[in-house]
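Have a look at the structure below before the remarks.
Both backbone and side-chain heavy atoms feed into the values below; hydrogens, waters and symmetry mates do not. Nothing here was measured: the structure is a model prediction, and the numbers come from that model.
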Amino acid sequence: MGTAEQVNKYQRIQPFVEIMDSTLRDGEQTSGVSFLPHEKLIIARMLLDDLNVDRIEVASARVSAGEREAVRMICRFASKIDKLERVEVLGFVDGGKSVDWAVDSGCRTLNLLAKGSLKHCTQQLQKTPEEHVEDIRREVRYARSKGVTVNLYLEDWSNGMKESPFYVYNLMDALCDSGIRRFMLPDTLGIMNPLQCIEYFRKMIKRYPDTHFDFHAHNDYDLAVSNSLAAVLSGAKGLHVTVNGLGERCGNAPLSSVQVILKDQFNARTNIREDKLNDISRLVESYSGIAVAPNQPIIGDNVFTQVAGVHADGDNKGGLYHNALVPERFGRRREYALGKNSGKANIAKNLEELGLELTPEQTRRVTQRITELGDKKERVTQEDLPFIVSDVLKHDAPEDRVKLVSYVVSTAYGLKPGANIKVEINGQQYEASATGDGQYDAFVKSLRHIYKKYLDRSFPILANYAVTIPPGGRTDALVQTVITWNDNGRMLRTRGLDADQTEAAIKATFKMLNIIENEYHNEL
């Protein structure tokens, strides 16, 4: 049967795939990752209770006292919710020591590690295949006598099928009747491609049609997800995954990616609650200290963010840029990036979510300001948008009587900062220059000179000056400058917003001048 025929077959029968998460065991082999016992418990609780993973592999036997305590805590919790059979521990062929460790920790399922290639058996264990088989059978008998269910890992199985398939078959022939519940087939070194995976699984299924096979992928060639799906296509009944793809070297197959491709591309069924995938990803990211790439499918920060304005426009016209991976499916929402490529459609989407209604001209001006920020490589968030809107609509409005035409501020080593400015007051333009203790001080002194020389009027005294990130803003794209002025005993407070601190202060200054100028003309 060809690959396309197999896909069609599996789409018709909608197979069920068992998911085993190994974040707490294999994922912890990521360089630099070590979960504390209480962290393991919290992750296990979310995996079992919220995400509804079928099984979790939580530790390796005999590692440490802390590991034993973590397993005990997890098993106590799992027992309370009647899911103890879903908790598994990796064990070794070690004369019953791993079995005793698991039993003492409250665990009742052992994933026994055996050798799936002749090279590993003879060179690492330095035993004959017959000796290894007998050791495994002895271990399984002991485990079953203690009430422990055994699954068997055939470590380096992919190389075994590639270089010594006769060894793999002889091992399987000798163990099929031993009471092992699942045979778990790892691509330990991540060497396979999907075509090899299909070939090797077909051979296993053909020889052992009634056996439950799991597949355990590694991502050395960035094929862990593809190989996992090839295994399902060829008859695997279970897949091993980790949250965020954690694991040794390049990691394991990521839970989120495997889940959505199983469902969307192969019409397979799992018990996973997809709306919890983002929550578990954030939790593991926090505890592991391993950041998720922003473009990581399903769980990355940017994967539901539209940047191009044409995409937002298409979304407004029948969801033209949507696919089956809608963000709400994963407990997330679609965002529209704010930057130089945003366009009016992106801005409109963000304004709509914030409940802000602007005229087309106002939207154009807001878009222009965001584009200017984008040209400065500033990242603007939706939380910044209300401040930008407020600033744009208040600054340089048509009714402003005092407008900034142009200015230059400068600073140089050993010289006082200077400012040259041109302003328009009630339709008349004035120029002045001055030096000061800083660029903004020089700017204000230039303004004072204009008001005194040309208008014969006093200029308010600066009483307080504060620079902050806008409340609610998450980035450094914008700074907010709040200036308090003393105008003949009356205190005025104005605010300016910009990526540049001096520009923000200048905006705050001109807002103050327009307040005073409007009052002055209303009194005439």
What I'd like to find out is whether the side chain of [X] reaches to under 4.5 Å of the side chain of [Y], using heavy atoms alone.
{"X": "Lys127", "Y": "Thr122", "value": "no"}
{"X": "Ser226", "Y": "Leu223", "value": "yes"}
{"X": "Leu47", "Y": "Ile280", "value": "yes"}
{"X": "Leu48", "Y": "Val87", "value": "yes"}
{"X": "Asp498", "Y": "Val479", "value": "no"}
{"X": "Leu110", "Y": "Leu90", "value": "no"}
{"X": "Ile299", "Y": "Gln296", "value": "yes"}
{"X": "Asn252", "Y": "Val241", "value": "no"}

Quick check: does any side chain N or O of [X] sit under 3.5 Å from a backbone N or O of [Y], one acting as donor and the other as acceptor?
{"X": "Thr30", "Y": "Gly247", "result": "yes"}
{"X": "Thr23", "Y": "Gly27", "result": "no"}
{"X": "Glu69", "Y": "Gly66", "result": "no"}
{"X": "Asp100", "Y": "Asp104", "result": "no"}
{"X": "Arg55", "Y": "Asp21", "result": "no"}
{"X": "Ser281", "Y": "Leu277", "result": "no"}
{"X": "Lys276", "Y": "Met46", "result": "no"}
{"X": "Arg273", "Y": "Asp50", "result": "yes"}
{"X": "Gln29", "Y": "Asp26", "result": "no"}
{"X": "Glu131", "Y": "Thr128", "result": "yes"}

Inset, instruction - Establish, from distance only, whether the side-chain atoms of Glu57 and Asn111 form a donor-acceptor pair under 3.5 Å. - result: yes

Inset, instruction - Could you tell me whether the side chains of Tyr221 and Asn227 share a donor-acceptor contact shorter than 3.5 Å? - result: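 No, no side-chain donor-acceptor pair sits under 3.5 Å.
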
For [X] against [Y], the heavy-atom pair lying closest together:
{"X": "Val103", "Y": "Lys146", "value": "CG2-CB, 4.1 Å"}
{"X": "Leu246", "Y": "Ser288", "value": "CD1-CB, 4.1 Å"}
{"X": "Pro209", "Y": "Lys206", "value": "CD-O, 3.8 Å"}
{"X": "Gly179", "Y": "Arg144", "value": "CA-NH1, 3.4 Å"}
{"X": "Phe215", "Y": "Leu185", "value": "CD1-O, 3.2 Å"}
{"X": "Leu24", "Y": "Ala44", "value": "CD1-CB, 4.0 Å"}

[X] side, atom [atom1]; [Y] side, atom [atom2] - distance, nearest 0.5 Å:
{"X": "Asp54", "Y": "Ile272", "atom1": "CG", "atom2": "CD1", "result": "6.5 Å"}
{"X": "Ile180", "Y": "Leu152", "atom1": "CD1", "atom2": "CG", "result": "4.5 Å"}
{"X": "Arg76", "Y": "Ser105", "atom1": "CZ", "atom2": "OG", "result": "10.5 Å"}
{"X": "Asp156", "Y": "Lys119", "atom1": "CG", "atom2": "NZ", "result": "7.5 Å"}
{"X": "Glu88", "Y": "Cys107", "atom1": "CD", "atom2": "SG", "result": "7.5 Å"}
{"X": "Arg202", "Y": "Cys197", "atom1": "CZ", "atom2": "SG", "result": "11.0 Å"}

Inset, instruction - Check step by step if side chain to side chain donor-acceptor pair (under 3.5 Å) holds for Lys115 and Gln124. - result: CA-CA 9 Å; Lys115 299 303 180 182; Gln124 188 173 38; 2.4 Å; yes

Legend entry - Where at least one partner belongs to residues 87-141, residue pairs that pass ring-ring contact (aromatic ring centres under 6.0 Å, His included), sequence neighbours excluded: none

Inset, instruction - If a pair satisfies ring-ring contact (aromatic ring centres under 6.0 Å, His included) and one of its residues is in residues 228-252, list it, with sequence neighbours excluded. - result: Tyr153-His240, His216-His240

Inset, instruction - Please work out which of the three classes, parallel, tilted or perpendicular, describes the rings of Tyr169 and Tyr208, given edges at 30° and 60°. - result: tilted

Legend entry - N-O pairing of Lys40 and Glu67 below 4.0 Å: yes

Inset, instruction - Starting from the C-alpha separation in whole Å, work towards a yes-or-no answer on side-chain contact (heavy atoms from CB on, under 4.5 Å) for Asp49 and Ile81. - result: CA-CA 8 Å; Asp49 211 22; Ile81 61 173; 4.3 Å; yes

For [X], is the [atom1] atom crowded, meaning more than 12 foreign heavy atoms sit under 6.0 Å from it?
{"X": "Asp82", "atom1": "CG", "answer": "no"}
{"X": "Glu328", "atom1": "CD", "answer": "yes"}
{"X": "Arg181", "atom1": "CZ", "answer": "no"}

Legend entry - Residues that Tyr167 engages under ring-ring contact (aromatic ring centres under 6.0 Å, His included), provided they are two or more places apart: none

Legend entry - Pairs satisfying salt bridge (charged side-chain N to carboxylate O under 4.0 Å, His left out), at least one member in residues 237-246, at least two apart: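 Qualifying pairs: none.
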
Inset, instruction - Apply ring pair (Phe, Tyr, Trp, His ring centres under 6.0 Å) to Phe183 and Trp157, showing your working. - result: CA-CA 11 Å; Phe183 287 84; Trp157 167 78; over 10 Å; no

Inset, instruction - Just do the side chain to side chain donor-acceptor pair (under 3.5 Å) check on Thr270 and Gln259 with the steps written out, would you? - result: CA-CA 8 Å; Thr270 71; Gln259 164 61 27; 2.7 Å; yes

Legend entry - Contacts of Arg249 that satisfy side chain to side chain donor-acceptor pair (under 3.5 Å) - sequence neighbours left out: Asp220

Legend entry - Ser158: side chain to side chain donor-acceptor pair (under 3.5 Å) partners, not counting sequence neighbours: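 Partners of Ser158 under the side chain to side chain donor-acceptor pair (under 3.5 Å) test: Asp187.
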
Inset, instruction - Could you walk me through whether Thr109 and Leu84 pass the side-chain contact (heavy atoms from CB on, under 4.5 Å) test, one step at a time? - result: CA-CA 9 Å; Thr109 303; Leu84 180 59; over 6 Å; no

Legend entry - Intermediate values then yes/no, side-chain contact (heavy atoms from CB on, under 4.5 Å), Met184 and Leu154: CA-CA 6 Å; Met184 307 194 295; Leu154 299 185; over 6 Å; no

Legend entry - Criterion side-chain contact (heavy atoms from CB on, under 4.5 Å) on Leu229 and Gln265, from CA distance to verdict: CA-CA 9 Å; Leu229 299 175; Gln265 305 293 339; 5.7 Å; no

Inset, instruction - Decide yes or no on side chain to side chain donor-acceptor pair (under 3.5 Å) for Asn52 and Asn271, but give the supporting numbers first. - result: CA-CA 6 Å; Asn52 201 33; Asn271 285 323; 4.6 Å; no

